[in-house]
Amino acid sequence: CVLGAEKKLPKDKNSKFEVKIDYLHGSVAIGVATNDVLRNQNGFGANGSYCLYSPNHIYENGTQKSFMNYSNLATESIVGVLYIPKKGEILFDLNGTHIYTVKVDPSHQNVDLYPFVNLSHNGSKLSFL
């Protein structure tokens with residue numbers, strides 16, 4: 001189930017949001033996506049999606065990256081997402097530590113981007129901080 005924010009991220013200033021994983025059952029994706037991704041419920045693996053995906057993957061415009069140098073997303077994890085439109089970058093942090101920077105594809109730098117979470121199971125619980 002893809003849940004996208006109704007309010008788009010501003011293109012003229014940096015914006016940040018944080019999500020706490022209160023309880024994780026199944027998998028979760030947390031990040032930023034185009035409206036097409038949200039409308040079509042494509043989720044984490046689609047073009048236009050930039051996110052962390054449990055347990056230890058990063059998706060950059062539909063391309064999967066794997067990393068073993070940070071803790072897996074789990075219950076009690078806090079994911080921070082910082083969008084820097086002037087640089088075309090999205091920075092991810094986990095529990096206050098920067099883990100990766102993705103580049104926004106040039107084709108998405110002038111379209112509206114929205115925060116989103118994607119839960120694979122209804123038993124999970126998240127909080128926006």
Side-chain angles (χ1 to χ4, degrees):
C1 154
V2 178
L3 305 169
E6 292 181 13
K7 189 174 179 185
K8 63 187 174 190
L9 297 172
K11 295 178 189 172
D12 58 345
K13 64 180 181 176
N14 297 353
S15 54
K16 182 172 185 171
F17 66 94
E18 290 184 315
V19 177
K20 180 179 180 194
I21 301 172
D22 297 311
Y23 178 72
L24 183 58
H25 183 76
S27 58
V28 63
I30 300 170
V32 175
T34 63
N35 194 38
D36 285 343
V37 170
L38 302 179
R39 187 174 52 239
N40 296 322
Q41 297 285 304
N42 292 337
F44 58 89
N47 286 340
S49 175
Y50 306 87
C51 65
L52 294 184
Y53 177 73
S54 62
N56 59 351
H57 298 287
I58 293 175
Y59 279 86
E60 182 177 57
N61 195 30
T63 302
Q64 183 182 27
K65 318 264 182 186
S66 292
F67 292 89
M68 301 311 242
N69 63 340
Y70 66 88
S71 301
N72 291 341
L73 293 182
T75 297
E76 299 297 317
S77 294
I78 296 175
V79 175
V81 181
L82 173 63
Y83 174 50
I84 305 174
K86 286 189 180 359
K87 290 184 170 184
E89 294 178 344
I90 300 167
L91 283 65
F92 293 105
D93 63 47
L94 183 61
N95 300 323
T97 301
H98 175 73
I99 55 171
Y100 196 73
T101 300
V102 297
K103 289 284 191 184
V104 176
D105 189 82
S107 66
H108 299 134
Q109 290 184 9
N110 292 317
V111 300
D112 293 334
L113 296 174
Y114 298 83
F116 83 95
V117 296
N118 182 349
L119 298 169
S120 69
H121 192 278
N122 288 340
S124 295
K125 184 170 185 256
L126 306 175
S127 301
F128 284 88
L129 304 177

For the pair His108 and Tyr50, name the ring-plane relationship: parallel under 30°, tilted 30 to 60°, perpendicular over 60°.
-> perpendicular

For residues Val28 and Ile30, determine if any side-chain heavy atom of one lies less than 4.5 Å from a side-chain heavy atom of the other.
-> yes

Side-chain donor-acceptor contact under 3.5 Å, Asn61 with Thr63 = no

Is Asp12 atom CG crowded by more than 12 heavy atoms from other residues, nucleotides or ligands, each under 6.0 Å away?
-> yes

Rounded to the nearest 0.5 Å, how far apart are OH of Tyr59 and OH of Tyr53?
-> 6.5 Å

side-chain contact (heavy atoms from CB on, under 4.5 Å) between Val32 and Phe17, intermediate numbers included | CA-CA 10 Å; Val32 175; Phe17 66 94; 4.1 Å; yes

Please round to the nearest 0.5 Å and tell me the distance separating atom CD1 of Ile58 and atom NZ of Lys65.
-> 9.0 Å

Is any side-chain heavy atom of Val19 less than 4.5 Å from a side-chain heavy atom of Leu129?
-> no

Heavy-atom donor-acceptor pair, Thr75 side chain to Tyr23 backbone, under 3.5 Å | no

Taking C-beta and beyond as the side chain, do Val37 and Asn47 meet within less than 4.5 Å on heavy atoms?
-> no

Ser124 versus Leu24: any side-chain heavy-atom pair under 4.5 Å?
-> yes

Roughly how far, to the nearest 0.5 Å, is CG of Asn118 from SG of Cys51?
-> 8.0 Å

Might you work through the side-chain contact (heavy atoms from CB on, under 4.5 Å) test for Asp93 and Ile99, ending with a clear yes or no?
-> CA-CA 5 Å; Asp93 63 47; Ile99 55 171; 5.6 Å; no

Nearest 0.5 Å please: distance from the CD atom of Glu18 over to the OG atom of Ser127.
-> 12.0 Å

Checking Asn95 side chain against Ser77 main chain: does a donor-acceptor pair fall under 3.5 Å?
-> no

Minimum-distance pair of heavy atoms, taken over all atoms of Ser120 and Ser27 = OG-N, 2.7 Å

Under the salt bridge (Lys or Arg N to Asp or Glu O under 4.0 Å) rule, what pairs show up with a residue in residues 108-120, not counting sequence neighbours?
-> Lys8-Asp112, Lys11-Asp112

Residues two or more places apart in sequence or in another chain: which of them pass ring pair (Phe, Tyr, Trp, His ring centres under 6.0 Å) with His98?
-> none

Show me, pair by pair, the donor-acceptor contacts under 3.5 angstrom made by side chains of residues 78-91, not counting sequence neighbours?
from  : atom 1 : to     : atom 2 : distance (Å)
Glu89 : OE2    : Lys103 : NZ     : 2.9

Side chains of Leu113 and Thr34 in contact at under 4.5 Å (non-hydrogen atoms) = yes

Heavy-atom distance under 4.5 Å between the side chains of Tyr114 and Leu9, does that happen here?
-> no

